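Given the structure is predicted, the values throughout are model-derived calculations rather than measurements.
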Amino acid sequence: IAACTGRSSTDLSDGEVSRLKDKIINEGLINVDRALAQVDSAEQAHLFTSVEANVQRALINFNDARWRMAAYYAEKCLDDKTDTSTYCSATMILAQCASVGGEYVKAARLAKDMLAYTGDNNSPRALKFKCKALTQMAECEEKLNHFDEAERLYLEGINLMMENVKPPTRPLYVDPLMFTLLTATDLYLKTGHPEKAL
């Protein structure tokens with residue numbers, strides 16, 4: 001990347017860095033080793049900070065079901081709370097890895113930590129992460145057969161997005177909202193409430 005562009009992170013706009021991250025994550029779905037090498041190159045060229053690079057490594061490993069490696073890289077990001085997106089992304093990856101491993105209490109605690117971190121912030125990014133945290137907590141409660149609490153958390157996430165985003169047209173808003181709607185619907189179908197699902 002450095003050799004081809006000759007540019008540093010200060011030369012790139014936020015949109016260009018975001019597109020580069022998306023491109024590398026998409027590459028990881030096809031070729032994990034190549035994507036990880038691209039992250040290394042981007043970090044060496046100062047296109048990514050070390051925290052951004054570790055979040056990318058965590059995401060690539062998570063998408064390839066390498067849970068331990070994903071958790072390892074995500075854990076390295078938790079000390080830096082200066083950027084909402086990287087901190088919350090790392091925390092969410094750790095929560096999802098814990099959930100995959102059956103550690104539902106730990107996963108829910110991590111999601112609660114993320115919710116506390118975002119606090120009263122209602123920026124688009126913060127809303128996205130709040131909704132994801134509530135959904136993660138709901139999924140954990142569902143796995144523990146606490147269906148009423150799971151329903152409450154799903155609905156809280158849905159209401160949060162519907163009340164604060166009008167209309168929810170950007171992918172940043174729509175993706176977490178749609179995922180929460182679908183998982184809540186799935187809960188209703190599993191527990192014999194098709195009328196609520198409808």
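- A salt bridge links Lys190 with Asp186; the closest basic N to acidic carboxylate O contact falls under 4.0 Å.
- A donor-acceptor contact shorter than 3.5 Å is absent between the side chain of Tyr117 and the backbone of Thr91.
- For Glu151 and Tyr188, the side-chain atoms include at least one donor-acceptor pair closer than 3.5 Å.
- Other residues, nucleotides and ligands contribute at most 12 non-hydrogen atoms within 6.0 Å of the OH atom of Tyr72.
- Summarising the local packing, CG of Asp22 is surrounded by more than 12 heavy atoms from other residues, nucleotides or ligands at distances under 6.0 Å.
- With a 4.5 Å cut-off on side-chain heavy atoms, Thr135 and Leu153 do not count as touching.
- Under a hydrophobic-cluster definition in which Ile, Leu, Val, Met, Phe, Trp and Tyr are linked whenever side-chain heavy atoms come within less than 4.5 Å, directly or via other members, Ile158 and Met178 are assigned to the same cluster.
- Taking 4.5 Å as the limit, every side-chain heavy atom of Tyr73 sits out of range of all side-chain heavy atoms of Val55.
- Between Gln38 and Gln56, the closest side-chain pair of non-hydrogen atoms is not below 4.5 Å.
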When the side chains of residues 93-108 are checked against the rest of the protein, which donor-acceptor pairs come out under 3.5 Å, sequence neighbours left out?
none

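- Distance CZ/Arg19 to CD1/Ile24: 13.5 Å, rounded to 0.5 Å.
- You'll find the side chain of Arg57 reaches within 4.5 Å of the side chain of Asp40, heavy atoms only.
- Asn31 has its side chain within reach of Glu27: a pair of non-hydrogen atoms, C-beta onward, lies under 4.5 Å apart.
- For residues 119-134, the pairs satisfying side-chain hydrogen bond (donor to acceptor under 3.5 Å, both in side chains) are Asn121-Ser123, Asn122-Lys130, with sequence neighbours left out.
- For the pair Met161 and Thr180, the minimum side-chain heavy-atom distance is 4.5 Å or more.
- With 3.5 Å as the limit, one finds no donor-acceptor pair spanning the side chains of Ser85 and Asp83.
- A continuous path of hydrophobic side-chain contacts links Val174 to Val165 [ILVMFWY only; heavy atoms under 4.5 Å].
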